[in-house]
Amino acid sequence: MKDNQIKTGVLYAALSYLFWGLLPIYWKLLQGLGAIEILANRVLWSFVFMVFLMLVTKKWKELTTLLCSFKANKKQGFMLFLASLLVSCNWFIYIWAVNAGQIIETSIGYYINPLVSVLLGMIALKEKLTKMQCISVGLATIGVLILTISHGNIPWIALSLAFTFGLYGLAKKLIPLEAGVGLTLETLFITPFALIYLVYLFINEDHVFLAVSPGLDILIILSGIFTAVPLLFFAKGAQRLPLSMLGFIQYLSPTLALILGVFIYHESFTSAHLLSLLFIWTALTIYSFSKTKLFSQTSRFKRKKGAKI
C-alpha cells in the first residue's frame, strides 16, 4: 500500500513540475497580451475553474463554511489574502519575465526557491539549520553574488520569484487547508481586482480578449486550467511523498525552463550563468542529500562511533 502511495505521489508531483517547466511555451503563445492582462485573465479563469471543481467534487459547503469562519478568525483570513497577493505577484513576474526573454533567470529563481524556504523557516518558524544546510545556503548565496557581479545589478527577477513563492509557501504552511478549497479562496480574494482591471481595458477598448481571434480567446480561458491543475497535482503529490523525494522532483521544473531558454528560445547563456548555476546546483545537491535517510543513518553511525571512542 505504501509503495503504491509513493508511486502515485511521484506521478502527481512529476506531472505538476512538468506542467510548470513547460509553461513558458504557453506564455509565449500569449505574447500579444500585456503581462497584467494575462495575469488578470489567469486569476479570473482560475477562479471560474475552481468554482466548477468545488461544485463537481461537492466541496462547496466546506468552502462557504470556511469563508464564514473568517469573521471570527480574521488572522487566518488575512494570511490567506496575503498568500493570494504573493502568488499573484509571483505569477506576474514570471509571465512578464518569460515574454521579456528572461526564461533562464526565471529558472535560476526556482532553483534558489527551496533554499529561500529553508531561510524563511529558520527566521519565521525558528527552525534550526544543520551544518550541511548552512553550507547549502552559503553556496547558493555565492551563486547569486556571481550573477549580481556579472550583470552589474541585482538579479531581481530570480530573487523576486524565489522570495514571493517562498513567502507564499510559508503563508500556506501557517494556514493548512485542503488544496482545492485553499486555491479557490486565494483566487476569490484577488478576482475582484482582476475584474476591475479587465473592465477598465474593455471601457478603453484596449483589451485583447474577445478582440483578436477565437483561438486566442480559448488559450486565454485555458490559462485558468493550466494554473489550477498543476497546483492541485502538487498538493496530491506532497501528501503522499517524503519532503526529500519531493525536493528532488522539484528540480524538474527549473531544469526544463533552463533547457527551453537556452535551446528553444536561444537566450544568452554566459559563463557567469554557468558558474552561478554550478554553485546553486551543488547547494541543492548537498541540501537534498542532507534530507535523505542515507545521510541520517550515516550521521547516527558517526555519532555512535564517536561515543564509543
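Source: prediction; values computed, not measured.
- Outside the 6.0 Å centre-distance limit, the rings of Trp20 and Trp27 are not counted as a close aromatic pair.
- Rounded to the nearest 0.5 angstrom, Thr164 OG1 and Asn113 CG are separated by 8.0 Å.
- Among all heavy-atom pairs drawn from Gly143 and Ile280, the shortest one is CA-CG1, 4.4 Å.
- Side chain of Lys28 to backbone of Val98: a donor-acceptor contact under 3.5 angstrom is found.
- Here Phe52 is tied into one hydrophobic group with Val56, each link being a pair of ILVMFWY side chains closer than 4.5 Å.
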May I have the list of side-chain donor-acceptor pairs in residues 191-205 shorter than 3.5 Å, sequence neighbours left out?
{"residue": "Thr191", "atom": "OG1", "partner": "Thr187", "partner atom": "O", "Å": "2.5"}
{"residue": "Asn204", "atom": "ND2", "partner": "Tyr200", "partner atom": "O", "Å": "2.8"}

Only distances under 3.5 Å count here; give the side-chain donor-acceptor pairs of residues 8-19 to other protein atoms, sequence neighbours excluded, each with its distance to 0.1 Å.
{"residue": "Thr8", "atom": "OG1", "partner": "Asn4", "partner atom": "O", "Å": "2.8"}
{"residue": "Ser16", "atom": "OG", "partner": "Ala13", "partner atom": "O", "Å": "2.7"}

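- In this structure, CD1 on Ile264 lies 7.0 Å from CD1 on Ile25, to the nearest 0.5 angstrom.
- Of the inter-residue distances, the one linking Ile225 atom CD1 with Ser46 atom OG reads 9.5 Å to the nearest 0.5 angstrom.
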Go through it in stages, so that I can follow the logic: the residues are Trp96 and Ile36, the test is side-chain contact (heavy atoms from CB on, under 4.5 Å), and I'd like the CA-CA distance, side-chain angles, deciding distance and then a yes or no.
CA-CA 8 Å; Trp96 178 86; Ile36 302 178; over 6 Å; no

Audit row: Leu258, Ile104, side-chain contact (heavy atoms from CB on, under 4.5 Å) steps and yes/no
CA-CA 5 Å; Leu258 182 63; Ile104 291 173; 3.9 Å; yes

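- Between Phe279 and Thr141 there is no side-chain heavy-atom pair separated by less than 4.5 Å.
- The main-chain N or O of Gly261 is never found under 3.5 Å from a side-chain atom of Glu267 such that the two would form a donor-acceptor pair.
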Worked verdict on Leu232 versus Met50 for side-chain contact (heavy atoms from CB on, under 4.5 Å)
CA-CA 10 Å; Leu232 294 172; Met50 289 309 303; 4.2 Å; yes

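- Across Lys74 and Lys71, no two heavy atoms sit closer than the pair NZ-O, 3.0 Å.
- In this structure, CH2 on Trp281 lies 4.5 Å from CG on Leu277, to the nearest 0.5 angstrom.
- The main-chain N or O of Val208 is found under 3.5 Å from a side-chain atom of Glu37 such that the two form a donor-acceptor pair.
- With 3.5 Å as the limit, one finds no donor-acceptor pair spanning the side chains of Ser223 and Arg42.
- No donor-acceptor pair closer than 3.5 Å links the side chain of Ser276 to the backbone N or O of Ala272.
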Step-by-step side-chain contact (heavy atoms from CB on, under 4.5 Å) determination, Ile259 to Thr255
CA-CA 6 Å; Ile259 291 168; Thr255 301; 4.2 Å; yes

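- Annotation for Ile286 and Ser136: closest pair CG2-OG, 3.4 Å, computed over non-hydrogen atoms.
- From Leu284, atom CG reaches atom CD1 of Ile112 across 9.0 Å, with rounding to the nearest 0.5 Å.
- Here the side chain of Asn90 pairs a donor or acceptor atom with the backbone of Leu161 at under 3.5 angstrom.
- Closest approach of Leu29 and Leu216 over heavy atoms only: O-CD1, 4.2 Å.
- The number of heavy atoms from other shown groups lying within 6.0 Å of CD1 (Ile154) does not exceed 12.
- A single hydrophobic cluster is not seen to contain both Leu145 and Tyr111; linkage of ILVMFWY side chains at heavy-atom distances under 4.5 Å, directly or through other members, places them apart.
- Using cut-offs of 30° and 60° on the angle between ring planes, the pair Phe209 and Trp45 is perpendicular.
- Rounding to the nearest 0.5 Å gives a distance of 10.5 Å between CG of Leu82 and CD of Glu186.
- Relative orientation of the Tyr168 and Phe165 rings is tilted, given thresholds of 30° and 60° on the angle between their planes.
- Checked by atom type and distance alone, the side chain of Glu62 never pairs as donor or acceptor with a backbone atom of Val181 at under 3.5 Å.
- Inter-residue side-chain proximity for Asn153 and Thr148 is flagged as unmet; no heavy-atom pair is nearer than 4.5 Å.
- For CZ of Phe49, the number of neighbouring non-hydrogen atoms (other residues, nucleotides, ligands) closer than 6.0 Å is greater than 12.
- Between Phe81 and Phe78, the ring center distance fails the sub-6.0 Å criterion.
- In terms of heavy-atom proximity, Ala97 sits nearest to Thr106 at CB-CG2, 3.5 Å.
- Across all non-hydrogen atoms, the minimal contact from Pro24 to Tyr265 is O-OH, 4.3 Å.
- Residues Pro155 and Val144 meet the side-chain proximity criterion, which asks for heavy atoms closer than 4.5 Å.
- In this structure, His273 and Ile146 have side chains that are not in contact, with every pair of non-hydrogen atoms separated by 4.5 Å or more.
- No continuous path of ILVMFWY side-chain contacts below 4.5 Å connects Ile149 to Leu274, so the two sit in separate hydrophobic clusters.
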